[in-house]
There are 2 protein chains.
Amino acid sequence: MDLDRIDFELLRLLRKNARMANKELAERVGVAPSTALERIRRLREARVIQGYHADIQPKALGITLQAIVAIRLTQHTRALVDSFREHLLQLSEVLAFYHLAGADDFQVHVAVQDADHLRDFALSAFAQRPEVAHIETRLIFEYRRGDELPIYVQSADD
Amino acid sequence: MDLDRIDFELLRLLRKNARMANKELAERVGVAPSTALERIRRLREARVIQGYHADIQPKALGITLQAIVAIRLTQHTRALVDSFREHLLQLSEVLAFYHLAGADDFQVHVAVQDADHLRDFALSAFAQRPEVAHIETRLIFEYRRGDELPIYVQSADD
DNA sequence: TTTGAAATACACAATGA
DNA sequence: TCATTGTGTATTTCAAA
């Protein structure tokens, strides 16, 4: 699928505010509402838009502490890496994970209620597992995500 | 602000799908549409809901490579850290950053078009700056974010 | 606070350019 | 592929409980 300027603009607007009404999206990009609706439907279908998510303030959920847990595995077979990924996806403390090339195989962004919770979680979810060779926990002072499209819109023709 | 079970449920639904219609949100949590609207308005106002963002497939934007750049600063004065944060926020290649306790002061999640772009960017945006003592770049094989609320909903009374 | 009802605005589909 | 139009549905406001 290739995208023109209007598609990029729709993506940019939806990244900024995923709840913007279709009518307003249409106005801002300069097409009819039905056109915007159809384009967005297709972007969704083509999985260019992967989802829409609300960002929730961690403190409101009782989260006072966030950390990155860097993990080294004992082996790097496909089966072991895949099963470790699946394990990560099931943990409610895991906000996100990175599978990396480098000394650390994974970096896991975790959110916990307090230091006790972090210790218990790091031990039971990671350190205790046989495929984990080494873990290192780094406290997060601040985490911030951008809400702009990461790449400048290339001036693609229509 | 404290939240009851209905608020948590609204947050959970909006985290899963930020474009869910208000009427459906209301039905699912068992209140009238006008009530759902009012509750969400207040959650937004109290900044419990910080925003709504579409997730865009990186490849559709011409991004083929993502990396974490770990950065150590030369000093750790407030002024220097703050100005470095500001610098990060202005870079379109930066998807997110972590300010950490630990040897690495920052980890920056970056998205680039190719390896050349990564090298140029790492050099010009980071390595070249006088406040940066050391950088290390780690390729990302996979990045994945959860779309569930991180903490199990505490059974708070209403 | 929540609600139902009224008015307003919107989404969506069909049609035709 | 887009805009127009029409219809049904949703959003939003507000007065009352």
Side-chain angles (χ1 to χ4, degrees), chain A residues 1-57 59-62 147 149 151 153-158, chain B residues 1-57 59-62 147 149 151 153-158:
Chain A
M1 181 169 192
D2 60 41
L3 310 179
D4 64 17
R5 187 183 338 165
I6 290 173
D7 293 315
F8 278 114
E9 196 59 18
L10 288 169
L11 294 177
R12 197 182 65 75
L13 291 169
L14 284 169
R15 175 142 188 100
K16 271 269 199 215
N17 176 13
R19 270 187 91 77
M20 186 177 287
N22 182 68
K23 192 195 173 187
E24 189 176 351
L25 290 164
E27 262 171 30
R28 298 242 199 144
V29 306
V31 297
S34 55
T35 304
L37 204 67
E38 171 64 9
R39 279 176 176 258
I40 290 165
R41 196 192 59 75
R42 288 174 59 187
L43 289 167
R44 195 83 167 84
E45 191 142 332
R47 310 258 181 176
V48 171
I49 297 171
Q50 301 185 314
Y52 305 103
H53 303 285
D55 260 18
I56 313 296
Q57 190 191 8
K59 275 183 192 159
L61 304 174
D147 61 357
L149 284 195
I151 297 295
V153 173
Q154 43 277 69
S155 57
D157 330 359
D158 307 5
Chain B
M1 179 168 195
D2 61 40
L3 312 179
D4 64 17
R5 187 184 336 164
I6 290 173
D7 293 315
F8 278 114
E9 195 59 17
L10 288 170
L11 294 177
R12 197 183 65 76
L13 291 169
L14 285 169
R15 176 140 187 100
K16 269 271 197 212
N17 176 12
R19 270 186 91 76
M20 184 177 287
N22 182 66
K23 192 197 172 186
E24 189 176 351
L25 290 165
E27 262 170 30
R28 298 241 200 147
V29 305
V31 297
S34 51
T35 305
L37 203 69
E38 171 64 7
R39 277 177 178 258
I40 291 165
R41 196 194 60 75
R42 289 172 59 188
L43 289 167
R44 195 84 167 85
E45 190 143 331
R47 309 260 182 176
V48 171
I49 297 171
Q50 300 185 314
Y52 305 103
H53 303 287
D55 260 18
I56 313 296
Q57 190 191 9
K59 275 183 192 158
L61 303 173
D147 61 357
L149 284 195
I151 297 295
V153 173
Q154 43 279 68
S155 57
D157 328 1
D158 307 3

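In the text below, chain A, chain B and the rest are named by the order of the sequence lines, each starting its count at 1.
A straight line from CD of Glu24(B) to C1' of dT9(D) spans 14 Å, rounded to a whole angstrom. Rounded to an integer number of Å, the gap from Lys23(A) NZ to dC10(C) P is 4 Å. The CG atom of Asp2(B) sits 14 Å away from the C1' atom of dT1(C) (whole-angstrom rounding). In this structure, CZ of Arg41(B) is placed 17 Å from P of dT11(D), rounded to the nearest angstrom. When rounded to the nearest whole Å, the span between CG of Asn22(B) and P of dT3(C) equals 12 Å. Taking atom CZ of residue Arg39(B) and atom C1' of nucleotide dT2(C), one finds them 9 Å apart after rounding to whole Å. The CD-C1' distance, from Glu27(A) to dA11(C), rounds to 14 Å in whole Å. The CG-P distance, from Leu37(A) to dA13(C), rounds to 8 Å in whole Å.
The main-chain N or O of Leu149(A) is never found under 3.5 Å from a side-chain atom of Arg12(A) such that the two would form a donor-acceptor pair. Counting only distance, with no hydrogens or angles, the side chain of Asp55(A) and the backbone of Gly51(B) share no donor-acceptor pair below 3.5 Å. Here the side chain of Arg28(B) pairs no donor or acceptor atom with the backbone of Leu10(B) at under 3.5 angstrom.
Annotation: of the two residues near DNA chain C, Met20(A) and Ser34(B), the 5′-most nearest-nucleotide partner is Ser34(B). Along DNA chain D, the nucleotide nearest to Arg19(A) and the one nearest to Glu38(A) differ in position, and the one closer to the 5' end is contacted by Glu38(A).
Asn17(A) places none of its side-chain heavy atoms less than 4.5 Å from the side chain of Leu13(A).
When the nucleotides dT2(C), dC10(C), dT12(D) are ranked by their closest atom to the side chain of Ala21(A), dC10(C) comes out on top. When the nucleotides dT11(D), dT1(C), dC2(D) are ranked by their closest atom to the side chain of Arg42(B), dT1(C) comes out on top.
With hydrogens and angles ignored, no donor-acceptor pair closer than 3.5 Å exists between the side chain of Thr35(B) and the base of dT1(C).
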